[in-house]
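Quick caveat: nothing in here was measured; it's all calculated off a predicted structure. Worth knowing before you read on, the calculation uses all heavy atoms, side chains too, and leaves out hydrogens, waters and symmetry mates.
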Amino acid sequence: MGFLIELYKTLSDAIYFNLIKDDRYLLFIKGLGVSLKLTLYAAILGIIIGLLVAFARMTKNKVLNKIASLYIDIIRGTPAVVQLVIIYYAILGSSSLPKIGVASVAFGINSGAYVAELIRAGIQAVDKGQMEAARSLGFSYGQSMRYIIIPQAIKNILPALVSEFIVLLKETAIAGYIALDDLTRMGDIVRSRTFDAYTPFIVVALMYLYVTSILTYFLGKLERRMSISD
Amino acid sequence: MIKVVNLHKSFGDLEVLKGIDSEIKKGEVVCVIGASGSGKSTFLRCLNLLEEPTKGDIYIDGVPLMELGKNINSLRQRVGMVFQQFNLFPHMTVMENVTLAPIKLKRMLPEEAEKKATVLLRKVGLPDKDNAYPNQLSGGQKQRVAIARALAMDPEIMLFDEPTSALDPEMVGEVLQVMKQLALEGMTMVVVTHEMGFAREVGDRILFMDGGVIAEEGTPEEIFDNSKHERTRAFLSKVI
Ligand SMILES: Nc1ncnc2c1ncn2[C@@H]1O[C@H](COP(=O)(O)OP(=O)(O)OP(=O)(O)O)[C@@H](O)[C@H]1O
Ligand SMILES: [Mg+2]
């Protein structure tokens with residue numbers, strides 16, 4: 001009995017100090033908003049860069065090819081934190097972009113490399129016979145891509161893209177390195193005020209989990225939709 | 001209609017075609033037979049430049065293929081091809097498979113293309129599958145749709161690369177029947193096949209390929225009953 005009362009007191013204290021006092025829950029919500037915004041901007045930029053780079057990798061132009069694969073190698077071969085900090089100082093030195101803008105650019109550049117590979121893999125996974133059948137009917141290479149290959153590749157790419165953005169959301173947790181007030185950093189801020197190391201980060205973890213669960217749910221739906229007509 | 005002169009094709013160091021000379025006349029049905037790896041598919045694929053010859057010339061109605069450049073696409077519209085693995089477009093219905101090329105490449109109106117496709121699908125014995133997707137069809141049905149798809153471009157010649165090799169035995173007949181019908185209507189056809197019965201019955205001429213060359217050619221009687229070459233007889237004794 002005494003144990004239960006003790007537990008109740010600990011929990012309610014934890015909730016009071018970490019969430020209710022000084023409206024601290026608002027900090028978490030604000031942080032989540034920043035993380036989501038950052039993920040969204042980075043995802044959009046990542047798709048644009050990814051498309052361009054995937055295209056560059058698949059053309060016959062050797063120079064474009066080299067540049068594209070160099071970019072992919074660099075991004076995939078270095079830690080995202082390091083990329084973020086380098087880009088932060090590189091851009092900050094020359095512009096008045098707000099921090100979230102800088103972070104969006106950094107994560108967009110990072111995500112672009114992964115998206116490019118995923119687009120390329122999605123296109124290459126389309127059976128070779130499809131291109132041959134299209135060409136044999138008289139379609140040009142471009143027409144074959146447009147009418148035959150890309151529509152099939154999209155079915156491979158879309159689910160992988162959603163997975164990539166789930167990863168991206170979690171990856172943005174390092175935005176605190178450039179002092180951007182994202183969800184993870186808010187956990188840190190609350191911890192420094194309450195001296196409670198546990199609770200803020202459990203709250204943070206639950207909030208990430210909530211969003212990724214929703215995305216995963218849609219991913220499952222999407223995967224089922226995409227496999228219907230195969 | 002098609003003239004092949006000293007055709008060579010190598011993949012890297014591997015020389016697959018070592019000088020092929022042949023002529024295919026309008027309305028003729030030419031069957032290509034030979035052991036696996038002898039270069040039958042490669043030869044066929046050179047005829048519409050799915051493979052680029054390393055050396056030699058191919059003329060279609062007197063026009064040399066290698067000099068076509070960008071016009072290769074309009075040439076391919078005149079040469080239909082049917083593949084062993086069907087290669088239907090899985091994201092499109094049967095009707096869309098058959099009408100896509102005429103609509104996009106010949107600027108045919110959709111209603112017109114559909115009317116034509118309906119006729120063709122009836123002809124290949126699939127009058128009621130317009131809205132089915134390829135994965136809902138049997139192998140034999142897929143191949144017949146693939147034939148209709150190629151015919152929709154009104155090709156002057158049809159190339160078949162082992163069209164029945166991927167089929168369950170009970171479906172081979174229905175596809176061969178469609179091809180036979182096509183031959184009777186006067187279509188010019190080049191057929192790579194292991195179906196010796198079909199080659200004998202429908203073929204006007206048989207090409208026996210061996211080691212990248214045409215080792216022997218002649219009428220079905222000449223090849224199947226009175227072959228002059230040891231290699232041909234050895235091959236035939238194995239497959240019949
Ligand atoms: N794209 C390619 N790259 C490299 N080698 C190839 C390629 N296509 C074919 N070959 C080789 O060329 C040779 C002839 O192949 P081809 O497909 O023309 O033979 P085939 O007579 O059609 O045989 P099959 O009866 O098995 O279909 C084979 O040794 C094959 O491995
Ligand atoms: Mg072959």
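- Between A:K99 and A:D182 no salt bridge is recorded (no basic side-chain N to carboxylate O distance below 4.0 Å).
- With a 6.0 Å radius and a threshold of 12 heavy atoms from other residues, nucleotides or ligands, A:Y71 has its OH atom above the threshold.
- Neither the backbone nor the side chain of B:R78 comes within contact range of chain A; no heavy atom of the residue lies under 4.5 Å from a heavy atom of that chain.
- Salt bridge absent: A:R135 and A:E132 never bring a charged side-chain N and a carboxylate O closer than 4.0 Å.
- Of the atoms belonging to B:L88, it is backbone heavy atoms, and not side-chain ones, that fall under 4.5 Å from chain A.
- If you measure heavy-atom distances from B:F83 to chain A, the contacts under 4.5 Å come from the side chain alone.
- Of all non-hydrogen atoms in B:L105 and A:L137, the two that sit nearest each other are CD1-O, 3.5 Å.
- Contact count against chain A (heavy-atom pairs under 4.5 Å) is highest for B:R149 among B:R149, B:M92, B:M153.
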